[in-house]
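Report on one structure; see the data block that follows.
In the text below, chain A, chain B and the rest are named by the order of the sequence lines, each starting its count at 1.
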Amino acid sequence: MPPIPSTPRVTEIPELDKTGSDTKSRYNFKEAEAKWQATWSDRRCFAVSEDEERPKYYVLEMFPYPSGRIHMGHVRNYTLGDLVARYKRARGYNVLHPMGWDAFGLPAENAAIANNVHPAQWTHDNIATMRAQLKTMGLSYDWDREIATCDADYYRHEQKMFLDFLEQGLAYRRESWVNWDPVEETVLANEQVIDGKGWRSGVEVEKRQLSQWFLRITAFSDELLADLGELDRWPDRVRLMQENWIGRSEGARMFFDLEAPDGAALERLEVYTTRHDTIFGATFCAIAANHPLAIGLAEKNPELAAFIAECNRLGTSEAAIETAEKLGFDTGVRARHPFMPGRTMPVFIANFVLMDYGTGAIFGCPGHDQRDLDFARKYGLDVIPVVAPADADAATFSIADEAFVDDGLMINSEFLDGLGIEDAKTEIAGRLEATGAGQRSINYRLRDWGVSRQRYWGCPIPIVYCDDCGMVPVAAEDLPVTLPTDADLDAPGNPLENHPTWKNVACPACGRDARRETDTFDTFFESSWYFARFCSPRADIAFDRAAVDYWLPVDQYIGGIEHAVLHLLYSRFFTRAMKQCGYIGIKEPFAGLLTQGMVCHETYKDEGGEWLLPDEVRRGADGKFVHAGTGRPATVGRSVKMSKSHKNVVDPESIIDAYGADTARLFMLSDSPPDRDLEWSDAGIDGAWRFTSRLWRMVTQPKTPFAADDEPSPASLAPEAEKANRAIHRTVAAVSLDLDRFRFNKAVARIRELVNLLDELDGDAIGVPWVLRQGFETVVRLIGPMMPHLAEELWSNLGHDILLADTPWPEIDEALLVEENVTVAVQVNGKLRGTLDLPKDSDNEAAQAAALVLDNVTKAVAGKPVRKVIVVPNRIINVVV
RNA sequence: GCCCAGGUGGCGGAAUUGGUAGACGCGCAGGUUUCAGGUACCUGUGGCCGCAAGGUCGUGGAAGUUCGAGUCUUCUCCUGGGCACCA
């Protein structure tokens, strides 16, 4: 067995001589995998076109960012996709299975700065490396359809789409907040902000307002929410996450009149709440730090301005804001209660109120919201309970450390007293609307999608700014707007903005000097429509309508759970926007979704606490881990997602080199269900290799020779042959069902069971050689989608001229699936006391009688009267005493 | 902090969806073949008691529903993913 360089070993073992005398009895995967990859490629097996005669099936794996080399997550993702693609092909579908590159992005710019290489060069080099790596996996892609999003031939179409969106009112420009690094003079991604500081500059990040492009995803809020119900082949949890992300809530907007301490006139304050029933428990109002009222008050109040500046240091990420200590600043302004003319309450600026949600202002009801309660306790504000449990005494009910958020009856609320929460909401909403002090309102958490990035390596936004004409779209015939190749990425600021000439352009409308938009698109832009481009990747327009109409939607989309919300929601929005602009006819891009788990591995550290690669660690003679180089002790940490930062990575290339692609693929499919995390282990890959060589040996060097290819089925079979024959058909049925339901690990287990059973079948009983041929041909066909090279090799070895890739899935003889006998469990008081082998669908009374006379049953019953016997036919008999 | 998952032998996992817990694989132990083993094959393998037959406990923890709970309900602990400029 080949060595594996990254494997910790108990002892050092010399490398086996692969060309030695036992070559004949070993599977030479290197030769076989290269041979079959060449064959598939030469015969253009996986090139497809529209074919109205056959049902179509579009399998798509999330395309990779070309980061340099493929990692195990890719191997898992593409193994899953290839299994589905090959399986559906075998089942007669016309399968579209393309691959491409999500090629714009930040890492290319970072690499450019770090290694002085142009982002385009870096990206194309990486693509070449990764394409070659993927090809060694034997994936059934139609490589003719390969696309890279950084090619102008790709992004020119999205520039056109953007202009169409603009015309439809789906794109617009407004001010919005960003993380600003004052040293680099650039906007930072949330991941580039570490502890509130820029990752490279180390200086404190500021929130700053920039004019940015937005896509109006909120125009589809309701539709995106409602149509989740139709996505019945999506995981529930993803639909739930999207539902929560969209965050539809029914509440009310209401106005509070304001009183400034200096008597100045102030506009009334509009708040949004979903708990308008608790209005009589309101004891303060709070507004966002960037609320217009806050900004206005700050002009005359330096202390308040300082507090706002403090809030702005928090960064823009919701996690940062939510986990920060809740702080408030009393503005001195008082808000008048809308239903109690005499009552006023303080208006705070609070760092947990978000300008982007609702109206950027809330009223606080400490009795019935934990965050409000914490805030009230901190700033010494009143707590008035207005909802009490139905069985509580309204007069004495009070709130201590915990807000009461459950259902109950209204108290201390004048005309609402005694009502339930829902009735109180209705009553309040009615009164608000009657007096003009507010109205019912549906609110969404979902915000419009900001697509402007102040970066070089992205798609240019095709807009020109003219002093006379204002904002002017680039004319369609002038597309694409391409990137300059000579931008300076090392200087602070936006590279396109800094470029000496690129932005200077004649106004498309009046011809006078004007300036290009120097922002580029968010890279989610490209990945929001690539699935459709694959239908006609070389078309002159974005999509050949006949092609997208034939292939879309994607029947099965496969990728990481980390994309559950953003990428998938943006793609759903984009599809609707493209439909509105007449590009395509569908609104949901992905009919089926499979979200795979991560590939994890143990972590290792040396004595100094530095991370170690698995390669750098081995097991000493005492079983403890040591540094392979120094022999110093190493510690093993728990298993986490493989990542460069934890150094717990295993390089797929070395695995494929040592074990072959099929063995790596088998391991990816065995054991763990696709949607769960997978634990990489050296023992696991060894086990997969053992199966590979064992199956190869069993087929190429059978103990009992198989019947000839064309031998007709015998008139009768010996009992063991009959039993095996039934098992073959049962396995085909079960594996098919497992594959349909993405239970790939179970499918592998069942195939192994069948192989074990066939291994035990030998001798010269009637039908044995015939069943062995049926059995192994079936096994080879069943593993075809999982281990395509080995399967192709064995299929050829079994005497077939037609490629397995062109061979249909095995047929089932339904008659052989019918069981004659079943094993029924017998319990006494729910505890297993024995089993009975009974003819299937036996009479209940007979089964019960047989159960009651079992030795262990009579012993357990011990003469006590039988109170009841529960018989579940073909399953269980429970005797209750 | 908010949202979403997941906790089953030494390990990855299976359990016909409320009906025999531990399929299949890994690991481990004993054996056979072999000059040799990181090979191949055979046997065993959840804990505890027992020579055995068998008994008993057992699905993160606590309670509940049920003839019967890994599966349903409530509470609780732990681990992971996402949180809008990483992709």
Side-chain angles (χ1 to χ4, degrees), chain A residues 1 3 7 9-11 13-14 16 22 25-26 62 64-65 67 102 105-107 178-179 187-193 235-238 240-241 243-245 247 316-324 326 352 356 370-371 445-455 522-524 527 560-567 569-570 597-598 600 638 640-641 670-673 675-679 681 683-684 686-688 690-691 693-694 697 743 745-746 748-753 756 823-835 856 859 867-870 872 875-880:
Chain A
M1 178 187 145
T7 311
R9 292 295 181 198
V10 176
T11 49
I13 304 297
L16 270 182
D22 59 354
S25 61
R26 278 169 185 274
M62 290 180 184
Y65 178 76
S67 53
D102 188 13
L106 211 41
V178 294
N179 298 311
V187 176
L188 296 181
N190 284 329
E191 71 157 12
Q192 298 173 321
V193 180
D236 287 342
R237 62 170 161 154
V238 174
L240 193 55
M241 279 191 254
E243 187 181 322
N244 289 332
W245 189 263
T316 56
S317 94
E318 189 183 311
I321 292 164
E322 291 284 330
T323 50
K326 307 288 178 283
F352 57 87
D356 287 319
Q370 192 59 43
R371 194 164 55 177
R445 207 183 76 97
L446 182 67
R447 311 197 295 256
D448 278 335
W449 173 16
V451 294
S452 293
R453 297 292 180 272
Q454 295 67 40
R455 311 204 189 284
D522 177 5
T523 58
F524 273 125
S527 57
I561 184 70
E562 66 272 20
H563 293 293
V565 176
L566 292 182
H567 162 60
L569 193 60
Y570 290 152
M598 301 175 303
C600 300
R638 64 195 175 78
V640 297
K641 177 186 179 172
S670 318
D671 295 357
S672 299
D675 56 347
R676 293 257 211 111
D677 288 352
L678 178 144
E679 175 68 22
S681 78
D686 283 348
R690 228 168 288 155
F691 179 78
S693 22
R694 180 164 168 244
R697 219 180 310 115
R743 297 188 298 207
N745 55 326
K746 284 183 64 183
V748 171
R750 289 188 208 280
I751 293 171
R752 294 182 104 124
E753 273 180 311
N756 291 345
T823 304
V824 174
V826 181
Q827 301 178 332
V828 176
N829 287 343
K831 286 195 177 188
L832 184 71
R833 296 295 170 184
T835 58
N856 275 329
K859 230 163 79 185
R867 287 198 286 140
K868 189 153 88 165
V869 179
I870 289 145
V872 182
R875 287 268 170 84
I876 202 164
I877 298 163
N878 190 11
V879 180
V880 185

Report task. Can you check whether any acceptor in the base of C3(B) is under 3.5 Å from a donor in the side chain of N244(A), or vice versa? Result -> no

Query raised in the report: Expressed as a whole number of Å, how far does the C1' atom of G22(B) sit from that of U59(B)?
Result: 9 Å

Query raised in the report: Between the side-chain atoms of R750(A) and the base atoms of C24(B), is any donor-acceptor pair under 3.5 Å?
Result: no

Requested in this report: Pull up the glycosidic torsion of U17(B) and say syn or anti, syn being anything within 90° of 0.
Outcome: syn

**Report entry** Watson-Crick or G-U wobble mate for U79(B), both contacts under 3.5 Å
**Finding:** A5(B)

Report summary line: pair_partner(G18(B)), Watson-Crick or wobble, both distances < 3.5 Å, evaluates to none

Query raised in the report: Taking the nucleotide of RNA chain B with the closest heavy atom to each, which residue, W449(A) or V880(A), is nearer the 5' end?
Result: V880(A)

Requested in this report: Could you label the plane-to-plane angle of the Y570(A) and W449(A) rings as parallel, tilted or perpendicular, counting under 30° as parallel and over 60° as perpendicular?
Outcome: parallel

Query raised in the report: Is a donor-acceptor contact shorter than 3.5 angstrom present between the side chain of D671(A) and the base of G13(B)?
Result: no

Query raised in the report: Do R237(A) and E243(A) meet the salt-bridge criterion of a basic N to acidic O distance under 4.0 Å?
Result: no

Query raised in the report: Where does G31(B) land, syn or anti, once you apply the within-90°-of-0 test for syn?
Result: anti

Query raised in the report: Can you tell me if R867(A) and N829(A) form a side-chain donor-acceptor pair at under 3.5 Å?
Result: no

**Report entry** Which residues share a ring-ring contact (aromatic ring centres under 6.0 Å, His included) with H567(A), sequence neighbours left out
**Finding:** Y557(A), H563(A)

